[in-house]
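Everything on this sheet refers to the single structure shown next.
The basis for the numbers below is simple: all heavy atoms, side chains too, and nothing from hydrogens, waters or symmetry mates. Order of appearance sets the numbers: ligands from 1, and atoms from 1 within every ligand. In this chain, residues are counted from 1 in sequence order.
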Amino acid sequence: MPKTRPAASETGDPLLLTPGPLTTSVSVKQAMVHDWGSRDAEFLRINEMVLDRIVELAGGQGTHVTVPVQGSGTFAVEAMITSFVPKTGKLLVLINGAYGQRARKIAEIADRAVITYETPEDTPPDTARLEALLAGDKAITHVFAVHCETTSGILNPIGEIAALVAKLGRRLLVDSMSAFGALEIDARKVHYDALAASSNKCLEGVPGLGFVICRNEALAQCKGNATTLVLDLYDQAQNFAKTGQYRFTPPIHVIVALGKAIEEHTAEGGVAGRGKRYRENAKVLIDGMRAMGFRTLLPEKLQAPIIVTFHMPTDTKFVFQRFYDGLKDRGYVIYPGKLTVADSFRMGCIGRLYPEHMKGALAAVREVLDELRVSNGGPALTSEQAAAE
Ligand SMILES: *Cc1c(COP(=O)(O)O)cnc(C)c1O
């Protein structure tokens with residue numbers, strides 16, 4: 001039997017230390033206990049507020065527009081790529097994890113010319129190499145980059161990438177799904193044509209709405225690019241401009257909950273406040289796990305305070321499924337790794353989680369390790385690593 005009391009989620013549900021869906025506040029969930037018609041004036045007011053607030057968070061007032069997409073985050077990424085890259089375009093996808101791979105697949109299915117620049121999951125793209133690639137292939141019209149690659153938790157140098165892409169006269173599409181709302185990306189400083197994110201990552205709404213922040217001038221050139229009806233951002237935006245409404249049934253409850261979540265985001269101090277809490281969560285988690293011998297995949301300077309990848313312990317008594325189940329029984333859900341560079345697991349820092357929740361998770365990790373008779377969470381160090389420590 002678990003010794004620690006169940007995690008202090010406000011509803012008694014296990015806390016989700018995962019990259020999404022995430023733990024949300026009770027008040028966000030409570031915002032959903034009503035029904036609204038899709039033409040209800042109150043709903044449309046909330047929807048407009050949500051879309052406007054997102055543009056403000058992006059620093060895009062007057063220059064950018066938020067185009068919502070019903071569905072999960074990937075629907076927004078697919079809408080972004082297929083609406084922005086024209087049939088005659090060519091997309092360079094920067095890959096260092098599963099979400100970059102996914103973008104390549106989207107472009108291929110949409111029959112867009114696509115090339116990739118892939119680095120290992122613990123390595124950001126090299127900007128000199130990117131510059132050479134762009135200079136050497138004039139056919140490349142667009143570059144796709146992931147802000148925080150959630151596969152590992154790595155922070156890619158999005159500002160440098162954006163500056164380079166702009167310098168060489170190409171267009172940038174950003175997947176900032178797991179960063180937007182917590183890590184600053186200000187459209188006045190970071191030049192992009194479009195940036196995709198969703199309701200259920202750092203904004204802490206419930207899942208069900210993706211959105212793309214589009215530079216107005218770039219979106220205006222997207223007519224006829226789309227490969228599907230439902231993911232046509234140009235058409236979706238046109239319809240909003242004309243009627244203020246969605247073309248197809250909107251996820252009303254999700255949007256109203258997102259309105260509440262954005263209120264709470266503002267109350268916490270916006271992007272800076274949200275980012276500060278996540279950085280505290282990450283610090284408590286990393287320090288505590290290291291104290292038990294676990295090793296992070298990434299060095300500090302590449303680690304985003306979003307999700308942390310730990311190497312799998314090498315002690316043969318450590319069985320991941322038992323570790324996972326033991327934590328789940330104690331009220332904490334973690335996430336398996338899906339890296340090719342290392343056997344690993346992940347623990348997230350985002351969602352309605354506070355440092356005391358991370359401390360609770362650490363206490364649960366300690367108990368489960370004791371149960372498994374694993375004294376140290378570390379992989380054996382290579383002699384090189386040992387010398388460096
Ligand atoms: C979560 C996430 C997505 C979208 O995933 P969905 O499961 O479709 O919501 C896309 N990119 C990144 C980097 C993500 O973290």
Side-chain angles (χ1 to χ4, degrees), residues 16-24 54 68-82 84 91 93-107 109 116 118-119 121-122 124-125 143-158 161 172-183 185 192 194-213 228 230-231 233 251 254-255 257-258 261 274-275 278 282 297-298 302-309 333-339 344 346-351 353:
L16 303 174
L17 278 65
T18 62
L22 303 170
T23 297
T24 56
I54 290 171
V69 183
Q70 296 98 319
S72 83
T74 304
F75 288 65
V77 174
E78 183 150 357
M80 174 171 75
I81 292 173
T82 55
F84 274 84
L91 181 65
V93 180
L94 306 183
I95 301 180
N96 54 0
Y99 294 102
Q101 298 286 5
R102 190 177 292 176
R104 175 184 51 81
K105 198 165 171 189
I106 288 169
I109 290 172
T116 61
E118 188 166 355
T119 49
E121 288 143 337
D122 55 0
V143 176
F144 174 95
V146 181
H147 189 180
C148 167
E149 182 39 273
T150 324
T151 310
S152 64
I154 195 171
L155 184 62
N156 283 318
I158 202 72
I161 293 169
L172 181 65
L173 308 178
V174 184
D175 173 352
S176 184
M177 202 69 60
S178 61
F180 185 77
L183 305 182
I185 176 157
Y192 57 76
L195 177 148
S198 79
S199 53
N200 183 238
K201 297 263 166 114
C202 304
L203 293 180
E204 299 187 1
V206 302
L209 190 78
F211 53 85
V212 184
I213 300 160
T228 62
V230 291
L231 298 179
L233 292 176
V254 173
I255 294 161
L258 181 56
R274 183 67 41 99
Y278 290 173
L297 173 79
L298 298 169
L302 296 179
Q303 176 71 60
I306 302 295
I307 190 164
V308 183
T309 300
V333 177
I334 64 165
Y335 215 65
K338 49 176 175 181
L339 294 183
S344 62
R346 289 178 283 175
M347 295 174 82
C349 310
I350 62 176
L353 301 174

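Proximity of T74 to ligand 1, defined as any heavy-atom pair under 4.0 Å, is shared by backbone and side chain alike. Contacts of R102 with ligand 1, taken as heavy-atom pairs under 4.0 Å, involve the side chain alone. Only the backbone of C148 comes within contact range of ligand 1, with a heavy atom under 4.0 Å; no side-chain atom does.
The closest side-chain heavy-atom distance from T150 to M177 is not below 4.5 Å. Put simply, the side chain of P124 reaches to within 4.5 Å of the side chain of I154, judged on heavy atoms.
Heavy-atom separations between K201 and ligand 1 include at least one value shorter than 4.0 Å.
When each atom of ligand 1 is checked for a heavy atom of Y99 under 4.0 Å away, the hits are 1 (C), 2 (C), 3 (C), 10 (C), 11 (N), 12 (C), 13 (C), 14 (C), 15 (O). Taking every non-hydrogen atom of S178 and a distance limit under 4.0 Å, the qualifying atoms of ligand 1 come out as 15 (O).
Considering both main-chain and side-chain atoms, G73 comes within under 3.5 Å of ligand 1 through a nitrogen or oxygen pair.
Remark: K201 fails to qualify as a cation-pi partner of F211 under the 6.0 Å distance and 45° angle criteria applied to the six-membered ring.
Going from atom OH of Y99 over to atom CG of D175 covers 8.5 Å, rounded to the nearest 0.5 Å. Put simply, OG1 on T309 and CD on Q303 are 7.0 Å apart, with the number rounded to the nearest 0.5 Å.
From the protein, the heavy atom lying nearest to atom 11 (N) of ligand 1 is D175 OD2, 2.6 Å. The protein non-hydrogen atom at the shortest distance from atom 13 (C) of ligand 1 is T150 OG1, 3.2 Å.
Nearest heavy-atom pair, Y278 versus G351, reported as atom, atom and distance to 0.1 Å: OH-N, 3.3 Å. Of all heavy-atom pairs between L94 and P125, the closest is CD1-CG, 4.2 Å.
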